[in-house]
Amino acid sequence: MTKQNAIISLSCSLIALICISCSAPNHVSVSGSTTVLPTVSKAAESFKMETGQTIIVNAGGSGAGFNQLGEGQTDIGMMSRDITQDELDRFPNLNFKIIPIGTDAVVPVVSSEIYAAGIRTLSFKDLDAIYSGTVDNWSAFGGPDKAILVIDKEASSGTRHTFMEIVMGDKNALAPGADLVLGANNEEQTALAQSDSAIGMLSHAWMNADVIGLSIKQNGVLIDPTLENIRSGVFPITRDLNLIIRSDIRPEAQAFIDYMLSAEGQKHVANSGYVEKRP
Amino acid sequence: MHLSHPKTPTAHASHLEFHKLRTLPSRSFIYSYATLSALTATLLVVLILGLLAYQSGSAIFEANDSLLGSVWSPAKNQYGILPMLYGSLIVMVLAMGLALPIGILTALYISETRSETVRRLSKTMLEILAGIPSIVYGLIGVAFLSLWVADIFYLQTGRVILTASLLLAIMILPTIITLTEDAFSNVATPYRENAYALGLYRFEVIKEVILPQAKGDVIGAAFLALGRALGETMAVMLVIGSLDRIPTPAYNILSSAQTITSKLGREIAESAFGSTHFNVLVLMSLILVVITLSLTGLAHILFKSAGSND
């Protein structure tokens, strides 16, 4: 190939590249909470099969999802908590709408070794003591003589807001007892599975054989983190999984919201291990 | 092919035009183009620094009383940056302390005792190593390194300062080795030959001739690596534990911490533009940029002075 040809073909491919990126179809983008994400991305796949509309789903956390929506970088935000007043104040000229698509529980979870050693339940008082650092050994709860690896989550996490609000009475409560601070659900899941003495807070759908949810002891009664108890509202730490939109939403994005709320879309909520909003 | 013979009489008219085009830019045009490029580059640096300073200026007023503390809680208006500053510095110092001696000795070994073939091969491998994206190092750190550290030191978690430093040391090692090896190889052969002719042993040649000659370049290489160590985000963020706390005692490198970059990586998307939270994050990045820039400047001066020695 001569130099001239090389230059021509290079510029051609450059132009082609630019064209591709410009003519990308007007896809709908969704981003935010990693708790809401599995449901939405499953629904997005089947939505694309049915309508051909591409939905791009990104993680980032509840706080990031809301910010991106407010700044116009995404069409739909995913949040596993309510919008705080502080967040609303950032965008005084915009109208946001919260659309709950399912219900989830935040469950105190422990490494499988701790569960096997006999720790099956904790009360709010116990959890408070662990996270504020006054108790740092499993033996205090009848477990093995092992230091507790306390895993906290990033401050704007929806899971943390819900857990801290209900357990410690303040959604922004500090956790001086924390040994690790992690972000996404899967990051926390990994850390819990890697450890043999950890406790963390996790969405109900993310528990597995290595990461086991505890019952909550309230007034002498044990409440298991089961779907039935979440559905009936008996399990004390629950929250709505929300999609957040702005009043100036594009019709393509609204179509996806409608799909999420339809019987078809709600199937994906149930399949992900959450409780449907509209059975 | 025809381009290499533009003056053949059979040359096509269009080729002649092309040839003309190629010679068209005058000296003054090229000069002003180059000046403009240089100015743009300089302007970008000034602009970035200016923007960072502008954004972070208000942070100093809004968060002044908590800024030099160690409590970080934006929801409660507490913006203590000391834990992050401490984390960044200790991770950098440890990583450099681990990587620098190993890197320099490896470079000496490759350049002074091995054949040209081995030298070429190892340099190629090292350059590949330097090009691996940092997220890959981070995943290896989470999946293996942190577990090994936890096992060896009987820790509850391996996401600690030591793990981050080890990982960073591995990441900056290729940079240190290739650059210092270049520095040693660039020492002119007559110096070596003269030294050997005087009857010096290899160790003495290295100690008395090679090292002093290459000193400036080695220090320059070290500063470049240091800049990378300070700026690395992804890999450190995954293995440091992200705990906004200065360990007790402060030299306890087997506890979790937070660096400026890992803090930025985790929180910048969640802070609203223009809020105090955002501004304090910008202030931290300004501190980081200032440290990195001054170190790069220092490295530049050392490179330059070493060049004029030859």
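Just so it is clear, the model here is predicted, and its values are computed rather than measured. Basis for what follows: all heavy atoms, side chains included, without hydrogens, waters or symmetry-related copies. In what follows, every chain begins at residue 1, and chains take the letters A, B, ... in the order their sequences are listed.
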Give, as side chain, backbone, both or neither, the part of [X] having an atom under 4.5 angstrom from any heavy atom of chain B.
X	result
A:Ala173	backbone
A:Ala191	both
A:Glu187	both
A:Ala175	backbone

request  = Decide yes or no on side chain to side chain contact (heavy atoms under 4.5 Å, CB included) for A:Asp170 and B:Lys76, but give the supporting numbers first.
outcome  = CA-CA 11 Å; A:Asp170 172 9; B:Lys76 296 182 175 0; 2.9 Å; yes
ask   = Under a 4.5 Å cut-off applied to non-hydrogen side-chain atoms, are B:Val142 and A:Gln194 in contact?
value = yes
request  = Determine whether A:Ile151 and B:Thr157 make a side-chain contact, defined as any pair of heavy atoms from C-beta on separated by less than 4.5 Å.
outcome  =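 Not touching, per the 4.5 Å side-chain cut-off.
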Full working for side chain to side chain contact (heavy atoms under 4.5 Å, CB included) between B:Arg159 and A:Asp179 = CA-CA 10 Å; B:Arg159 297 172 197 227; A:Asp179 297 306; over 6 Å; no
Return the [atom1] to [atom2] distance between [X] and [Y], rounded to the nearest 0.5 Å.
X	Y	atom1	atom2	value
A:Ser157	B:Arg266	OG	CZ	11.0 Å
B:Ser256	A:Leu182	OG	CG	9.0 Å
B:Ser242	A:Leu180	OG	CG	8.5 Å

Donor-acceptor pair, side chain of [X] and main chain of [Y], under 3.5 angstrom:
X	Y	result
A:Arg90	B:Ser271	no
A:Asn67	B:Ala269	yes
B:Glu270	A:Gly61	no

So for [X], is it side chain, backbone, both, or neither that comes closer than 4.5 Å to the heavy atoms of chain A?
X	result
B:Leu243	both
B:Ala143	backbone
B:Ser255	neither

Contact leader toward chain B among A:Gly60, A:Ala178, A:Gly70, A:Gly65, where contacts are heavy-atom pairs under 4.5 Å =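 That would be A:Ala178.
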ask   = With respect to chain B, which residue among A:Ala147, A:Gly183, A:Ser62 yields the maximal number of heavy-atom pairs within a distance under 4.5 Å?
value = A:Ala147
